[in-house]
There are 2 protein chains.
Amino acid sequence: MTSKTDRKKAVQLFKALSHSTRLLIVQKLLEGEKCVNDIRDLFDVSQPNISQHLNILKFSGIVDFLQEGNLRCYFLKNPERIKKIIQAIK
Amino acid sequence: MTSKTDRKKAVQLFKALSHSTRLLIVQKLLEGEKCVNDIRDLFDVSQPNISQHLNILKFSGIVDFLQEGNLRCYFLKNPERIKKIIQAIK
DNA sequence: TTATAATATAAGTAAATGTTTATATAATAA
DNA sequence: TTATTATATAAACATTTACTTATATTATAA
């Protein structure tokens, strides 16, 4: 049986993935780390909005970033896990 | 690469699972089919609200039901898939 | 038939999430 | 230093989702 906190975490993760921009970001990051403007250029989405989505992904534990000069390069914290999840829902 | 419609479907599925009541319902249904009032009694949630959540789960293709007399017994359409998804997010 | 039990639906309201616009910060380049 | 580039944050507004309350439907039991 799953505990209450486990379930909250799961719900948060599902929420993080239940937006098409965020799901796309995650899929792109499966190819490797990308900095914000690279990600931004992939979609027709404003810079602040991308930042906000990245923040949600970060908060839910899906991504993290490394500061490289004035760039922030985001990457999946656990790409294998993400692959499994995406595979499972297909 | 995932198509746009695939992604929409995935997003819808994640959305359906990103609510703790619905995730709990789904976990309960892994034990076997249950009718609405059985489900309702498991939680502190109103009857209409349970119906609404079940409707969302039905619409997203996760559950279906069989009418048995005046009972509606809900079941998971693809329990293996659900198990995999839940396993993957852990 | 009428009453009751099980469930769904609809309308209204509340709460959460998403997007835009404007502004801030931090790192580098000039 | 000052300007510029990359990114974040905050506030306002829009949209979506959730929940409640009231009512409808459908099947069975009396």
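The figures that follow rest on heavy atoms only: side chains count, while hydrogens, waters and symmetry mates do not. Source: prediction; values computed, not measured. Sequence lines set the chain letters: A, B, ... in the order given, protein chains first and strands last, and positions in each chain run from 1.
For B:Q47, counting side-chain heavy atoms from C-beta on, the closest listed nucleotide (C:dA22, C:dA8, D:dA27) is C:dA8. For A:Q52, whose side chain is taken as the heavy atoms from C-beta onward, the closest listed nucleotide among C:dT20, C:dT17, C:dA27 is C:dT20. Set against D:dT17, D:dC19, D:dA10, the side chain of B:H19 has D:dC19 as its closest nucleotide. Taking only side-chain atoms of A:C35, from C-beta outward, the nucleotide of C:dT9, D:dT7, C:dT21 with the closest atom is D:dT7. For A:S46, taking side-chain heavy atoms from C-beta onward, the closest of the listed nucleotides D:dA18, C:dT7, C:dT20 is C:dT20. Checking D:dA27, D:dA8, D:dA18 against every side-chain atom of B:N70, the shortest atom distance belongs to D:dA27. The side chain of B:S51 sits closest to C:dA8 out of C:dT17, C:dA8, D:dA27.
With A:S18 contributing its side chain and A:K15 its backbone, the two residues share a donor-acceptor pair below 3.5 Å.
Two residues are said to be in side-chain contact when any heavy atoms from C-beta on lie closer than 4.5 Å; A:L71 and A:V36 fail this criterion. The closest side-chain heavy-atom distance from B:I86 to B:L30 is below 4.5 Å.
Nucleotides of DNA chain C nearest to A:E68 and B:V36 differ in position, and the one nearer the 5' end is that of B:V36. Judged by closest nucleotide on DNA chain C, A:T21 is the one of A:R72 and A:T21 placed further toward the 5' end.
For C:dT19, the OP1/OP2 oxygens have a side-chain nitrogen or oxygen of A:N49 closer than 4.0 Å. Taking 4.0 angstrom as the limit, B:R40 places none of its side-chain polar atoms (N or O) nearer than this to OP1 or OP2 of C:dT7. For D:dA6, neither phosphate oxygen OP1 nor OP2 lies less than 4.0 angstrom from any side-chain nitrogen or oxygen of A:Y74.
Of all heavy-atom pairs between B:L23 and A:A10, the closest is CD2-CB, 3.8 Å.
The environment of CZ in A:F75 is crowded: more than 12 heavy-atom neighbours from other residues, nucleotides or ligands sit within 6.0 Å.
Computed from coordinates, the A:I50 CD1 to C:dT21 P distance equals 16 Å when rounded to whole Å. Taking atom CG of B:N37 as the reference point, atom P of C:dA6 lies 6 Å away to the nearest angstrom. The separation between A:H53 atom NE2 and D:dT9 atom P is 15 Å, rounded to whole Å.
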